[in-house]
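Below is one structure, written out as structure tokens, with a few remarks after it.
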Amino acid sequence: MRRMLGSLCVLAVVAACQEAAPEGPAPLPAFELRPVAAVKVAELEARLEPVAIPEATPEVIEQAEGLVIFLSSAGSGMADAAFEDVKRLGDAAIAPLLAVFHDMERHVDERRAALRLIGELKSPAAVDALLVEASDNPEPSMRALAAWKLGMMGDDACVPQLIKRLKYESAPEVEPWLARTLADFDNFAGVEALSVLASWQGPGSEAAVHLNQIAQDAGFVEPDPAVEGDTLVYPYKLLEAWHAGDPESRLPLTAPRSDRFKLIVWRWIAGFADFQLRGVDDGRYIVADLRPEMAAQVAEALHDDNRYIRTHVAQALGRMGARGRDAAPELAAAIGDPTLSITAVESLAAVCAPAPGAPAPELEFSPVELITTCTEAGRDSGLRLAAVRSLGILRDKSAIEALDALVQDPAQFAELRQAAAESLAALGEGRRVAAGLVAFARDENLDATTSMRALRSWIGTEARAGELWASDLATEWDTLAPSQFVAPTIEAANQRQVQRLALVDAALDALTKSAQN
Amino acid sequence: MLALTGWLLFALVAPQSGAEPARIFASSKDCRECHTAIYDEWQDSHHAVSWTNPAVRLLSNDFANEDCIDCHAPKPIFVTGIGERVLPRATRRKEGVDCISCHQLPTNEDGSPGGMAGSIMSKRAACKPVEARALTQPDFCSACHNQHKTVDQWRDSAFATGADGTKRQDCLDCHMPYVGEGEAQHRTHRFAGGDVLDMVKDAVTLQAAAVNGAWSLTLTNIGAGHSFPTDERSRAVDVFWRPLSETPGPWLHLHRIRSPYRSEVDVPDTLLLAGEARVIPVTTAPEGAGDPVPATEAIEVAVFYKRSPYWLDPAKPDPDNEAQLLHSLELRP
């Protein structure tokens, strides 16, 4: 029913966009706003028992201590006995086990045993306790141990926090365990970072072994990495499937998400209303790395009556890319909310953009038509600009005519014409608009960086198509790149831009002469 | 004050008559027509380059980290709301934190689009400014600058509370002081802060003494009404020492003052609070480790300011080339 309503909203937006009145574009249909995130959190909290670590009696403390000593000195065959015993103690054992774990005077085997015993409890309180250690413990080996153990506890409530940890984790011994535990819960957000690590460490490295194991567990037989220059590139089919937009290519979800998982996700979404961007950034990161079937559920928050919540939800959906495609109808409808229209257009393009070489997605409406109507004169300038940029992201060549018209119309504001030229370049018209991009980059009233990026991207496309001049130009362009570790001065950045534009000028001159001959 | 009011009246009233509707300003460049001096000051400020500054570009991965856009190209603060978090704008990002970011109102008094907030009300000026004291309040700056708790640091300081008889001072007193004389007097829009080395130097003092036979330093935050340094985790202040010699050797690290990035779970927050005097014993290894350096030895100590947190070679920091000198002392027995 909700999906049907979403489709009706999209149709209304499309119709309003197309029925332009003589005095200007038709107003977009109103988009319903209501409390969403707070209601979801309240509903889920009402269904769930609060999680707390109970106090331990002296007897439980003594028994937990005994189990730690036993497990740390027992052979692997005896471990099961300790695990059974700790289950009998229940959550009351968590506090004394944490006390042992945090006691730096204890032998490391005892501390590790304490963490493993907590993991055997498999209760929500035990999961929460291990999540704290997987996230905040200063010892990488202990973070890795906690992450590994969480994968064996069968509670998907750990997924959001582990995704957040992916954002910050820098220890190479922890990253594989974050990725593997997430994969245990059918979330492959950690594979991307792991493939980067594997390309640094090389074939046969710890990261590569973990990567292969994750792929194998998910049913993929991966080819060997390709060598590009001095780096290894992992062409992982698993990653392609993780980022897939069409339902047939998606990775299966083996068990439905729990209410605890949903509560944690909705709490993060409710947190989008907070003042501090720190938490908002983390929340966006988590939502953007959720599985595809969460997109439609999360998209409900586009209706939230808090503007920060609906704006950041739209941003996060956009960052899901094709994985967020189920949210496309709601994003299209959200263009009707003036406070959300710009972000909704940008995110709609991001979720509808096909993978390179793939056909356009099959949807009940045409994103390119809808977004093109948002570029009409008379609409909000920010919306027009976002729509023009989004047409480049959609990679649908049917937008070329509309973009050409904008570039060539001197009555349009310069920033819009510049964006239209950049989008044309993204649609494969780079050679035709390159001179224009150079001119926009030299216009001191405009942000040169977007045009410089478009030029570099076009040069790369030409080089990949076998144009030798473009390969040379790309090399010369990249030679001028600044150090990654020293912030350049404004003067140096300007000088570099002048040099790069001169290189493009020379290349364009040569192309013109070559065409004349 | 009268002179300021007179200057503003002249500046705001001169351009056009009151019969015309208020202009809708599409760019801060439009403001330059009447407010040339202020516009030029702003152009020299870091607010003007908040979008284009190569250092920001580097740290934000050329704004691929979209989370940085909110404060570096914000929608007008009066539109999102005083004390509320800013939201990113889609157009004119190159103008950074510009005139429109701070002065544009959601609507004119009659509800039509446009309208400007200023320090006086005038129906005859082109922008028809409405007097808005909110412009001068720390809550106004907090929309961006409290993201890293700078305004909260100020609220906890004697600069805000007036504790111990300290003269109360707010953001504008230090970062937008009055400049000029007579009719030209106005609050500067240069927004001097961490980008102006003299201001950074004035924020702290470095003193040294022999304590129990060993050298000891005291670094005091006397000038910043918030932690030192503040706002950006990318910035750091480092204290070094080395034996005094005609051919000086490499600097030896003593102490770092910095708030860590979120990912740096093992790095402590060591910002120097407003008014704090921190004792730093001179030891042969950083952060109080190693042996005390005896006061019988002639040494040189220095405080450096760093605009990016990392050294090219962490094992051999080279502050002379990678940081800026704030203060130095030669200590002799």
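Reckoned from all heavy atoms, side chains included, excluding hydrogens, waters and symmetry mates. Convention: sequence-line order gives letters A, B, ...; per-chain numbering from 1.
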Subject >> Side-chain (B/Lys94) to main-chain (A/Glu444) donor-acceptor, under 3.5 angstrom >> reply: yes

Original post:
Heavy-atom distance under 4.5 Å to chain B: side chain of A/Ile342, backbone, both or neither?
Top reply: side chain

Original post:
So what's closer than 4.5 Å to chain B heavy atoms on A/Leu385: side chain, backbone, both or neither?
Top reply: side chain

Subject >> A/Asn445, part contacting chain B, at a heavy-atom distance under 4.5 Å >> reply: both

Subject >> Which portion of A/Arg143 sits near chain B, non-hydrogen atoms under 4.5 angstrom >> reply: side chain

**OP:** Pick whichever of A/Arg319, A/Arg384, A/Glu169 has the most heavy-atom pairs under 4.5 Å with chain B.
**Re:** A/Arg319

**OP:** Would you mind checking which part of B/Arg57 comes under 4.5 Å of any heavy atom in chain A, side chain (CB onward), backbone (N, CA, C, O), both or neither?
**Re:** side chain

Subject >> Interface moiety of B/Asn65 toward chain A, non-hydrogen atoms closer than 4.5 Å >> reply: neither

Subject >> Test ring-ring contact (aromatic ring centres under 6.0 Å, His included) applied to B/His46 - qualifying residues, sequence neighbours left out >> reply: none

Original post:
Which answer fits B/Thr80, side chain, backbone, both or neither, if we ask what part of it has an atom under 4.5 Å from a heavy atom of chain A?
Top reply: both

Original post:
Below 4.0 angstrom, N of the basic side chain to O of the carboxylate: do A/Asp447 and B/Arg92 qualify?
Top reply: no

**OP:** Evaluate the criterion side-chain hydrogen bond (donor to acceptor under 3.5 Å, both in side chains) for residue pair A/Ser347 and A/Gln315; output intermediate values, then yes/no.
**Re:** CA-CA 6 Å; A/Ser347 294; A/Gln315 290 170 334; over 6 Å; no

Original post:
Given a strict heavy-atom distance threshold of 4.5 Å, which part of A/Thr311 is in contact with chain B: side chain, backbone, both, or neither?
Top reply: side chain

Subject >> Residue part contacting chain A, namely of B/Glu84, when any heavy atom lies under 4.5 Å >> reply: both

Original post:
Taking every heavy-atom pair that is under 4.5 Å apart, which of A/Asp274, A/Asp136, A/Asn137, A/Asp380 has the most such pairs with chain B?
Top reply: A/Asp274

Original post:
Which answer fits B/Trp51, side chain, backbone, both or neither, if we ask what part of it has an atom under 4.5 Å from a heavy atom of chain A?
Top reply: side chain

Original post:
Taking every heavy-atom pair that is under 4.5 Å apart, which of A/Arg165, A/Lys167, A/Arg453 has the most such pairs with chain B?
Top reply: A/Arg453

Original post:
Between the main-chain N or O of B/Val151 and the side-chain N or O of B/Asn146, is there a donor-acceptor pair closer than 3.5 Å?
Top reply: yes

**OP:** Answer yes or no for B/Lys316 and B/Trp251: cation-pi contact, defined as NZ/CZ to six-membered ring centre under 6.0 Å and angle to ring axis within 45°.
**Re:** no

Original post:
Contact part of A/Ser170 toward chain B, heavy-atom cut-off under 4.5 Å: side chain, backbone, both or neither?
Top reply: neither

**OP:** Heavy-atom distances under 4.5 Å only: say whether B/Val267 touches chain A with side chain, backbone, both or neither.
**Re:** neither

Original post:
When you measure from the side chain of A/Ser457 to the backbone N and O of A/Ala454, does any donor-acceptor pair fall under 3.5 Å?
Top reply: no

Original post:
Below 4.0 angstrom, N of the basic side chain to O of the carboxylate: do B/Arg190 and B/Asp44 qualify?
Top reply: yes

Subject >> Any side-chain donor near an acceptor of the partner, B/Asp238 and B/His253, under 3.5 Å >> reply: yes

Subject >> Test: A/Arg278 and A/Asp281 ion pair at under 4.0 Å >> reply: no

**OP:** Could you tell me which portion of A/Gln276 (side chain, backbone, both or neither) has an atom closer than 4.5 angstrom to a non-hydrogen atom of chain B?
**Re:** both

**OP:** Please assess B/Gln324 against B/Arg307 for the test side-chain hydrogen bond (donor to acceptor under 3.5 Å, both in side chains), listing each intermediate value before the final yes or no.
**Re:** CA-CA 9 Å; B/Gln324 291 169 291; B/Arg307 289 170 192 269; 3.0 Å; yes

**OP:** Sort A/Leu416 into side chain, backbone, both or neither according to what part of it lies under 4.5 angstrom from a heavy atom of chain B.
**Re:** neither

